[in-house]
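So the structure is just underneath, and the comments pick up after that.
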Amino acid sequence: MADNDSHRKLRIHALRYNPAKAGDTPRIQTYELEEAPGMTLFIALSEIREKQDPSLQFDFVCRAGICGSCGMMINGRPGLACRTVTKDLEADISLAPLPVFELIGDLSVNSGKWMRGMSEKLETWVHAQERALDLKRIEEPMDPALAEAVYELDRCIECGCCVASCGTARMREDFVGAVGLNKIARFRLDPRDKRTDADFYELVGDDNGVFGCMSLLACHDVCPKNLPLQTQIAFLRRKMVVQGTQG
Amino acid sequence: MDSTPNVIAGVGLADRPRKSRWPARMDLAQSLTGLALGLFMWGHMFFVSSILLGKDAMWTITKFFEGYFVLGTAYPGIVSVVVAVVFALVIVHAFLAMRKFPANYQQYRTFIGHRKLMAHEDTTLWWVQALTGFLLFFLAAVHLYQMMMHPGDIGPYQSGERIWSGGWGPLYIIMLLAVEFHGGIGLYRLAVKWGWFEGKDPNASRKRLKTLKWVLTAFFLALGVATFVAYAKIGYQIRDQKGAVYTPSWVVPNPMEKAK
Ligand code: HEM
Ligand code: SF4
Ligand code: SF4
Ligand code: FES
């Protein structure tokens with residue numbers, strides 16, 4: 001867009017707090033820097049760490065919205081720092097770590113630990129009928145439209161933005177979040193997964209699962225991969241209600 | 001000695017072999033009672049607002065619900081039964097929806113902070129819904145109990161007197177606001193919660209539903225306020241005639257007398 005915008009002075013107000021350091025208290029620290037063309041928050045934060053403050057903690061791996069490690073609260077809402085272009089924001093930008101997840105320090109959280117716990121609880125892997133392992137067997141064909149639908153839901157990068165945005169997840173620690181519900185929807189679609197709705201009910205048929213969701217839809221609105229979370233959660237809710245009222 | 005199921009349930013192992021089906025039933029029941037109440041409130045508002053068409057219109061609707069035009073005699077007891085059913089719905093609904101409230105200070109504090117930080121419309125709307133729902137515990141209970149016990153006291157003059165001289169005005173106005181916001185948001189939430197009217201483009205549909213929700217809320221609030229004012233005006237006009245009962249001049253004989 002406007003080129004003359006690209007020489008703004010940005011003021012990044014980052015939440016600083018190191019829980020490992022005795023006596024440390026949360027505070028906001030402001031960094032000033034010149035905006036560069038095409039600058040993302042990742043670039044801005046890297047520049048700050050390089051030139052101003054090597055102690056600032058934040059996570060990045062892929063820089064392309066694939067690994068899901070750079071989720072943070074950007075002006076109060078969760079988003080990926082590497083996919084957020086500064087020119088879309090005001091010159092004053094507030095950054096904070098994602099809530100819910102274990103805080104490592106400053107903007108860095110251990111979302112992996114949470115995701116692993118959720119995956120184990122919900123058994124988010126294909127449950128195939130046990131057959132003798134045969135590496136030469138040709139994979140069973142899948143209808144392309146179905147494969148596409150599975151792939152659509154498989155785009156989740158486990159960034160945790162949906163969890164951090166969710167009022168339910170914030171209030172209730174054991175809520176599996178939209179990420180968990182989306183995963184169940186994904187395996188439910190997959191014909192290789194032999195689990196039935198009765199099995200899925202055992203995993204998400206309670207107030208920590210799909211019935212805990214209060215349909216605030218923040219997850220849907222913040223998901224950086226634009227996953228159809230609203231549709232998937234509503235669909236799963238209908239299936240689980242059928243299971244719960246007939247089974 | 002306690003029976004085996006009691007012992008197993010008592011130590012929290014009842015749902016081990018198979019998850020309870022109650023969360024599913026409760027979620028469904030919460031939505032069904034919410035839907036029934038929400039739709040009832042629309043109908044209710046239309047009936048009450050008949051006063052805007054005149055005293056005779058309101059009187060006719062009232063007598064219709066008392067069975068006068070079918071049975072030839074007015075039985076206010078019919079109204080009591082309907083109110084009792086609505087009361088039961090409210091109790092079941094409130095009991096179920098209560099599960100979603102913040103359960104302690106920590107949760108309350110977290111939600112407040114979260115709502116402020118996120119400034120996300122649907123999250124804020126849920127908060128409004130929870131707060132107005134909490135208010136309705138008290139407001140709806142008072143109103144429903146009164147109507148259940150004194151169903152005969154509904155009519156252009158009696159209802160007007162209640163608002164102007166009987167001290168019910170403040171309750172009705174707060175209840176109007178609470179119900180319209182609560183019910184409107186609730187019906188919108190039902191649609192997105194269960195995936196109704198999603199169509200091909202759920203995001204566009206959601207936007208339309210949201211707009212529709214606001215339009216309906218504005219409409220019913222406007223209708224409600226106009227209705228309130230109409231009753232208050234009648235109450236003011238008859239402020240010196242305590243216990244007056246309106247009967248249209250064309251009604252012979254008086255239905256209440258025949259009922260006796
Ligand atoms: C009297 C006390 C009441 C309380 C405490 C109450 C509370 C609540 C709460 C907290 C919710 C949100 C539940 C959720 O997010 O899952 C809710 C949902 C709802 N309420 Fe109420 N409510 C009351 C009365 C009413 C009345 C009178 C109406 C009719 C206008 C109504 C209509 C609805 C609807 C349609 C929903 C959406 C249901 C759903 O999301 O499953 N409620 N109520
Ligand atoms: S569903 Fe979206 S917001 Fe949630 S973890 Fe996956 S990619 Fe992130
Ligand atoms: S719809 Fe709301 S309550 Fe449900 S998972 Fe998404 S953010 Fe959480
Ligand atoms: S760095 Fe991988 S998603 Fe942002």
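A, B, ... follow the sequence lines: proteins, then strands. Residue 1 opens every chain.
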Of Met118(B), Arg115(B), Lys116(B), the largest count of non-hydrogen pairs under 4.5 angstrom with chain A goes to Met118(B)
Checked Met240(A), Arg172(A), Met73(A) vs chain B; the most non-hydrogen pairs under 4.5 Å come from Arg172(A)
Honestly, is Arg238(A) close enough over Trp194(B), meaning NZ or CZ under 6.0 Å from the six-membered ring centre and within 45° of the axis?
-> no
Sort Asp221(A) into side chain, backbone, both or neither according to what part of it lies under 4.5 angstrom from a heavy atom of chain B.
-> side chain
Between the CZ atom in Phe211(A) and the CD atom in Gln30(B), the distance rounded to the nearest 0.5 Å is 11.5 Å
NZ/NE/NH1/NH2 to OD/OE distance under 4.0 Å, Arg21(B) and Glu202(A) = yes
First locate atom CE of Met214(A), then atom CD of Gln129(B), and finally report the distance between them rounded to the nearest 0.5 Å.
-> 9.5 Å
Heavy atoms of other groups near Arg116(A) CZ, more than 12 under 6.0 Å = no
When rounded to the nearest 0.5 angstrom, what is the spacing between OG1 in Thr245(A) and CH2 in Trp22(B)?
-> 11.5 Å
Options Arg99(B), Lys19(B), Gln106(B), ranked by heavy-atom pairs under 4.5 Å with chain A, top entry = Lys19(B)
Which of the residues Leu125(B), Thr123(B), Asp15(B) is involved in the greatest number of heavy-atom pairs with chain A at under 4.5 angstrom?
-> Thr123(B)
Non-hydrogen atoms of Asp207(A) and Pro23(B) that approach each other most closely | OD1-CB, 4.3 Å
Check whether more than 12 heavy atoms from other residues, nucleotides or ligands sit under 6.0 Å from atom NZ of Lys194(A), and answer yes or no.
-> yes
Stepwise, does the side chain to side chain contact (heavy atoms under 4.5 Å, CB included) test hold for Glu198(B) with Gln230(A)?
-> CA-CA 10 Å; Glu198(B) 244 178 26; Gln230(A) 176 196 341; 4.0 Å; yes
Pull out the residues in residues 202-227 of chain B that come under 4.5 Å of chain A, heavy atom to heavy atom, sorted by number.
-> Pro202(B), Asn203(B), Arg206(B)
Non-hydrogen atoms of chain A under 4.5 Å away: do they reach the side chain of Ser20(B), the backbone, both or neither?
-> backbone
When rounded to the nearest 0.5 angstrom, what is the spacing between CH2 in Trp126(B) and CG in Leu217(A)?
-> 13.5 Å
Should the heavy atoms of other residues, nucleotides or ligands under 6.0 Å from CD of Glu120(A) be counted, would the total exceed 12?
-> yes
For residues Gly244(A) and Ala24(B), report the shortest heavy-atom separation together with the two atoms involved.
-> CA-CB, 3.7 Å
For Thr110(B), does its backbone N or O pair with a side-chain atom of Arg170(A) as donor and acceptor, under 3.5 Å?
-> no
Is there a side-chain contact between His120(B) and Ser165(A) (heavy atoms, below 4.5 Å)?
-> no
Are more than 12 heavy atoms from other residues, nucleotides or ligands located less than 6.0 Å from atom CZ of Arg16(B)?
-> no
Applying side chain to side chain contact (heavy atoms under 4.5 Å, CB included), run through Leu216(A) and Arg189(B) and close with a yes or a no.
-> CA-CA 8 Å; Leu216(A) 309 179; Arg189(B) 193 177 310 290; 4.0 Å; yes
Residues 88-96 of chain A: residues contacting chain B (heavy atom under 4.5 Å, by number) | none
